[in-house]
Amino acid sequence: MTSRLSSPARRAAALLSAITLLTCAASAIAATPVANGTYRGALSDGGKVSMRVLSGGERLHWSVAFRSASCNPHRFTSRGGTTFDRTLGTRIHSDGSYREVVKATNSTTFNGKSGYKNTIRAVFKGRFVTRHRANGQFEQRETFYRPNGSTLATCLRQLTYRTVIQ
């Protein structure tokens, strides 16, 4: 048994389909960033974020400068801000999204003593929501280890940002 839509119902369904297709097409166009464009904005902690789309419009360089944050205040406090600069060219996907994971291990000192290590894992991700705006998140997990390998402290920074073209 098949059901048939009345003529007004068919017209309404066709109109709804057309509106949906136009909306999808408009959002796909809006997600394309401006090639050679520089986008700047603020992090949720008051720090700064900057992105530069490369000439082909398919990759971007980014920089994040966030304010200091406490790592387990009873054991360790990170003083001053930190800056991440990535100039390798993070890929921009066809839907306007981008994501890069950065990992590093460093030797460090604590209370003037050497032999300590820290590992950093940072994730920079977002999406161009219009041709002139991008929003996203920056997350950094930094773990500090004693010389014997046991964990001294772990910091987790989860920040959001909004940028506009300059």
Flag if over 12 foreign heavy atoms under 6.0 Å of CD, Glu100: yes
Hydrophobic cluster membership, Ile120 vs Leu43, 4.5 Å side-chain cutoff: yes
ILVMFWY cluster, Val34 and Tyr98 together (side-chain gap under 4.5 Å): yes
Heavy-atom side-chain contact between Pro147 and Tyr116 under 4.5 Å: yes
Steps toward side-chain contact (heavy atoms from CB on, under 4.5 Å) verdict (Arg162, Val164): CA-CA 7 Å; Arg162 293 175 181 249; Val164 295; over 6 Å; no
Path from Ile165 to Ile92 over hydrophobic side-chain contacts below 4.5 Å: yes
Any donor-acceptor N/O pair, Thr109 side chain to Gly112 backbone, under 3.5 Å: no
Arg127 CZ: over 12 foreign heavy atoms closer than 6.0 Å: yes
Closest non-hydrogen atom pair between Glu139 and Gln158, with its separation: OE1-NE2, 3.1 Å
Spacing of Arg146 atom CZ and Lys113 atom NZ [to the nearest 0.5 Å]: 11.0 Å
Parallel, tilted or perpendicular: ring planes of Trp62 versus Phe124, cut at 30 and 60 degrees: parallel
Under 3.5 Å side-chain donor-acceptor pair for Asn106 and Thr108: no
Under 3.5 Å: donor-acceptor pair, side chain of Arg131, backbone of Thr32: yes
Asn36 and Leu54: CA distance, side-chain angles, deciding distance, side-chain contact (heavy atoms from CB on, under 4.5 Å) verdict: CA-CA 5 Å; Asn36 291 318; Leu54 301 181; 5.8 Å; no
Close side-chain approach of Thr163 and Asn135, heavy atoms under 4.5 Å: no
Candidate pair Lys48 and Arg40, rule side-chain contact (heavy atoms from CB on, under 4.5 Å), full reasoning: CA-CA 8 Å; Lys48 296 180 180 180; Arg40 289 194 174 95; over 6 Å; no
Stepwise salt bridge (Lys or Arg N to Asp or Glu O under 4.0 Å) test for Glu142 and Arg157: CA-CA 9 Å; Glu142 187 168 9; Arg157 296 169 184 90; 3.7 Å; yes
Phe128 and Val53: CA distance, side-chain angles, deciding distance, side-chain contact (heavy atoms from CB on, under 4.5 Å) verdict: CA-CA 11 Å; Phe128 287 92; Val53 177; 3.9 Å; yes
Side chain Asp95, main chain Ser97, donor-acceptor under 3.5 Å: yes
Heavy-atom closest pair, residues Pro33 and Gly57: CG-O, 4.0 Å
From Thr151 atom OG1 to Tyr145 atom OH, the distance as rounded to the nearest 0.5 Å: 5.0 Å
Atom pair CD/SG of Gln140 and Cys155 - distance to nearest 0.5 Å: 7.5 Å
Cluster link Met51 to Val102, ILVMFWY, side chain under 4.5 Å: yes
Check: Gln137 main-chain N/O paired with Thr160 side-chain donor or acceptor under 3.5 Å: no
Side-chain (Thr130) to main-chain (His132) donor-acceptor, under 3.5 angstrom: yes
